Amino acid sequence: MDYLPLFALLKDRPVLVVGTGEIADRKIAFLQRAGAQVQSVTASEFDESQLDQVVLAIAATDDQALNRRVFEAANARHRLVNVVDDQPLCSFIFPSIVDRSPLLIAISSGGNAPVLARMLREKLEALLPVSLGRMAEVAGGFRERLKAYRTTTADRRRFWEKAFRGRFASLMAAGNEQAAKRELEDSLHASHQQQGEIILVGAGPGDAGLLTLRGLQVIQQADVVFYDHLVSDEVRELIRRDAEQICVGKRAGEHSVAQHETNQMLIDAAKAGKSVVRLKGGDPFIFGRGGEELQAAAQAGVPFQVVPGITAASAVTAYAGIPLTHRDYAQSVTFVTGHYKADSAPFDWAQLAQSRQTLAIYMGTLKAADISEQLIRHGRDKATPVAVISRGTRVDQHVATGTLQQLANLAKNAPMPALIVVGEVVELHQTLAWFQHNQQQEGFNSSVVNLA
């Protein structure tokens with residue numbers, strides 16, 4: 001270890017910066033954020049005596065001889081010194097920092113690979129909620145009170161481990177600080193197993209890169225994750241390694257967990273004190289029964305949160321190069337489900353059949369023939385362009401295009417999951433398709449099958 005990592009208290013302490021320009025300005029701003037008293041001088045203004053009363057110095061000039069002079073003069077006075085972009089002339093270096101003040105994470109390569117250190121910082125920035133800083137402050141204000149109730153270090157450690165992975169952390173992330181403080185207080189007096197919570201998370205359409213930042217943070221904190229078949233393996237790989245994973249998905253023609261059973265499983269896990277994630281493909285509030293599950297949680301008195309996801313209609317059409325709206329083709333878009341309760345109100349086919357609008361039909365392949373027939377019967381031109389997008393956003397994405405009268409044939413053998421798109425915007429697929437274009441996957445063309 002060439003450098004000992006330290007966090008220095010520079011508040012109200014004198015620091016010298018030699019040089020001008022963008023780099024010097026960045027260093028000055030950095031030091032001022034730490035409360036340092038910065039003395040900035042130009043190259044011509046530098047005098048070695050200026051080093052006598054400072055705790056550290058920075059040289060940020062283009063004059064190599066001057067930079068070495070600053071370094072040697074600082075070393076002679078036992079002052080820490082950093083010469084920008086000249087690692088051998090540094091007795092300290094600036095790390096890449098993830099700032100969640102008062103929580104700070106510093107990353108350094110010892111000056112060997114600063115770009116790599118910055119890349120690692122970017123990854124950590126994505127993983128760590130911005131609420132961590134305020135959460136640390138709230139926790140700091142609670143430490144003395146906790147000592148009166150938890151007299152051993154082990155008890156206090158267990159208290160904070162639970163708080164930072166449980167309801168307190170979730171409430172802080174949601175911006176509900178007062179409720180988070182009440183949660184800490186309640187936890188302090190609790191003599192029994194406290195209740196957990198349910199977090200409903202949209203996993204997006206399949207590509208793990210489309211999982212939201214908040215969704216990633218949540219699934220890496222969960223004790224148990226209940227997931228659907230639509231959640232891709234790539235997304236599940238991001239779940240915390242020691243979390244329990246339970247599939248409660250539904251597939252046509254296969255045995256599946258009944259909705260009321262799923263609801264009860266979620267409630268039971270939360271009441272057992274676990275942090276529960278209900279992970280659903282796409283967005284949980286768009287044809288995902290997320291509302292039904294949270295209604296059950298509310299009735300059971302279980303707290304919950306929602307993390308939206310990117311729904312299939314907006315994601316897979318974008319990956320297929322089909323804009324849902326376009327000034328020349330469609331002025332509106334309607335999301336429709338092809339799977340509905342038998343006793344629900346029938347579709348307004350006349351409304352859906354209007355031209356110059358886009359229909360995005362979820363779970364519609366089994367009823368594709370009826371959809372085509374009804375739309376044509378109610379006035380939609382049988383030559384209207386349609387697309388069936390299978391496994392959208394994934395490496396084996398498959399797009400079949402044709403006309404409305406061909407929809408049943410297009411959907412007949414489409415790989416699942418699939419989305420049907422009806423409307424003139426489908427014509428743009430040939431021009432705007434960009435994802436996996438012309439790449440062969442599993443025996444079929446992952447870009448286009450055109451029956452027109």
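Residues: numbered from 1 along the sequence shown. Worth saying up front: this structure is predicted, and the values here are computed from it rather than measured.
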Point to revise | Residues Arg158 and Glu161 bridged, charged N to O under 4.0 Å | key: no
Check your understanding: Would you say the side-chain atoms of His429 pair up with the backbone N or O of Ala320, donor to acceptor, closer than 3.5 Å?
Key -> yes
Practice item. Working to the nearest 0.5 Å, report the span between NZ of Lys274 and CD of Glu197. Key: 15.0 Å
Review point. Is there a side-chain contact between Ser170 and Ile199 (heavy atoms, below 4.5 Å)?
Key: yes
Review point. Do the non-hydrogen side-chain atoms of Phe285 and Leu294 ever get within less than 4.5 Å of each other?
Key: yes
Practice item. Mind listing the closest non-hydrogen atom pair of Val70 and Leu51 along with its distance? Key: O-CD1, 4.2 Å
Revision key, fill the gap. Residues 90-120 vs ring pair (Phe, Tyr, Trp, His ring centres under 6.0 Å), sequence neighbours excluded, gives Phe30-Phe94, Phe92-Phe94
Point to revise | Worked verdict on Leu116 versus Ser109 for side chain to side chain contact (heavy atoms under 4.5 Å, CB included) | key: CA-CA 8 Å; Leu116 177 60; Ser109 64; 5.7 Å; no
Review point. Less than 4.5 Å apart, any side-chain heavy atom of Val235 and any of Leu279?
Key: yes
**Study point:** Greater than 12 external heavy atoms within 6.0 Å of Arg156's CZ
**Key:** yes
Exercise for review: Start with the C-alpha gap between Asp228 and Arg278, add the side-chain angles, then the distance that decides, and say whether salt bridge (Lys or Arg N to Asp or Glu O under 4.0 Å) holds.
Suggested key: CA-CA 9 Å; Asp228 285 346; Arg278 177 65 170 105; 2.9 Å; yes
Practice item. Specify the closest pair of heavy atoms between Phe71 and Leu89, including all atoms of both residues, with the distance to one decimal. Key: CD1-O, 3.3 Å
Review point. Any donor-acceptor pair under 3.5 Å linking the side chain of Tyr362 with the backbone of Ala313?
Key: yes
**Study point:** Between CD on residue Glu244 and CZ on residue Phe226, distance to nearest 0.5 Å
**Key:** 7.0 Å
Check your understanding: Within a radius of less than 6.0 Å around CG of Asp85, do more than 12 heavy atoms belonging to other residues, nucleotides or ligands occur?
Key -> no
Check your understanding: When you check the gap from the basic side-chain N to the acidic O, do Glu137 and Arg100 get nearer than 4.0 Å?
Key -> no
Review point. Out of curiosity, Ile286 CD1 to Ile310 CD1, how far, rounded to the nearest 0.5 Å?
Key: 11.0 Å
Check your understanding: Any chance CG of Asp2 has more than 12 other-residue heavy atoms, nucleotides or ligands included, within less than 6.0 Å?
Key -> no
**Study point:** side chain to side chain contact (heavy atoms under 4.5 Å, CB included) between Val302 and Leu266, worked out
**Key:** CA-CA 9 Å; Val302 174; Leu266 296 171; over 6 Å; no
Practice item. Answer yes or no: is there a donor N or O on one side and an acceptor on the other, between the side chain of Arg143 and the main chain of Ala139, under 3.5 Å? Key: no
Check your understanding: Are Asp99 and Leu104 close enough that some pair of their side-chain heavy atoms sits under 4.5 Å apart?
Key -> yes
Review point. Closest approach of Phe159 and Ser187, non-hydrogen atoms and distance?
Key: CE1-CB, 3.7 Å
Practice item. Please say whether more than 12 non-hydrogen atoms of neighbouring residues, nucleotides or ligands are located less than 6.0 Å from CG in Asp62. Key: no
Practice item. Please tell me if the side chains of Val138 and Met135 come closer than 4.5 Å, counting only heavy atoms from C-beta onward. Key: no
Check your understanding: Taking it one step at a time, do Arg165 and Asp223 satisfy salt bridge (Lys or Arg N to Asp or Glu O under 4.0 Å)?
Key -> CA-CA 9 Å; Arg165 291 178 53 184; Asp223 295 317; 3.1 Å; yes
Review point. Would the number of heavy atoms belonging to other residues, nucleotides or ligands and lying under 6.0 Å from CZ of Arg214 be above 12?
Key: yes
**Study point:** Short side-chain to backbone donor-acceptor contact, Thr393 and Asp207, under 3.5 Å
**Key:** yes
Check your understanding: Would you say the side chain of Thr325 lies within less than 4.5 Å of the side chain of Thr358, judging by non-hydrogen atoms?
Key -> no
**Study point:** Met416 CE: over 12 foreign heavy atoms closer than 6.0 Å
**Key:** yes
Exercise for review: Spell out, as yes or no, whether a donor-acceptor pair under 3.5 Å connects the side chain of Arg240 to the backbone of Gln221.
Suggested key: yes
Point to revise | Rounded distance [0.5 Å steps], OG in Ser131 versus CG in Asn176 | key: 12.0 Å
Practice item. Evaluate side chain to side chain contact (heavy atoms under 4.5 Å, CB included) for Thr61 paired with Phe46, printing each intermediate quantity in order. Key: CA-CA 11 Å; Thr61 79; Phe46 171 69; over 6 Å; no
Practice item. Measure across Ala60 and Val84 and return the closest heavy-atom pair with its distance rounded to 0.1 Å. Key: CB-CG2, 3.9 Å
Review point. Do the side-chain N and O atoms of Asp155 and Thr152 include a donor-acceptor pair separated by under 3.5 angstrom?
Key: yes
Practice item. In plain terms, say whether Glu185 and Arg182 are close enough for a salt bridge, that is, a side-chain N and a carboxylate O under 4.0 Å apart. Key: no
Exercise for review: Mind checking the CD-CZ spacing from Glu234 to Arg236? Nearest 0.5 Å is all I need.
Suggested key: 10.5 Å
Check your understanding: What closest approach, in Å, do Leu238 and Gln220 show between heavy atoms, and which atom pair accounts for it?
Key -> O-CG, 3.3 Å
Exercise for review: Apply salt bridge (Lys or Arg N to Asp or Glu O under 4.0 Å) to Arg26 and Glu22, showing your working.
Suggested key: CA-CA 6 Å; Arg26 284 206 307 267; Glu22 181 181 351; 3.4 Å; yes
Check your understanding: Is there side-chain contact between Leu56 and Asn82, with heavy atoms separated by less than 4.5 Å?
Key -> no
Practice item. State whether the side chain of Arg391 and the backbone N or O of His398 hold a donor-acceptor pair below 3.5 Å, judged by distance alone. Key: no
Review point. Nearest 0.5 Å, what's the CG-CZ distance between Leu31 and Arg33?
Key: 10.5 Å
**Study point:** Worked check of side chain to side chain contact (heavy atoms under 4.5 Å, CB included) between Gln37 and Arg13
**Key:** CA-CA 5 Å; Gln37 292 182 349; Arg13 294 177 181 270; over 6 Å; no
Practice item. Given salt bridge (Lys or Arg N to Asp or Glu O under 4.0 Å), test Arg289 with Glu293 step by step and report yes or no. Key: CA-CA 7 Å; Arg289 299 189 183 180; Glu293 293 174 355; over 6 Å; no
Review point. Taking the side chain as C-beta and beyond, is there a heavy-atom pair between Tyr319 and Val399 under 4.5 Å?
Key: no
Exercise for review: Determine the interplanar angle of the Trp160 and Phe164 rings, folded into 0 to 90°, and report it as parallel if under 30°, tilted if 30 to 60°, perpendicular if over 60°.
Suggested key: parallel
Revision key, fill the gap. Looking only at heavy atoms, the pair that brings Gln50 and Val54 closest together is O-CG1, 3.6 Å
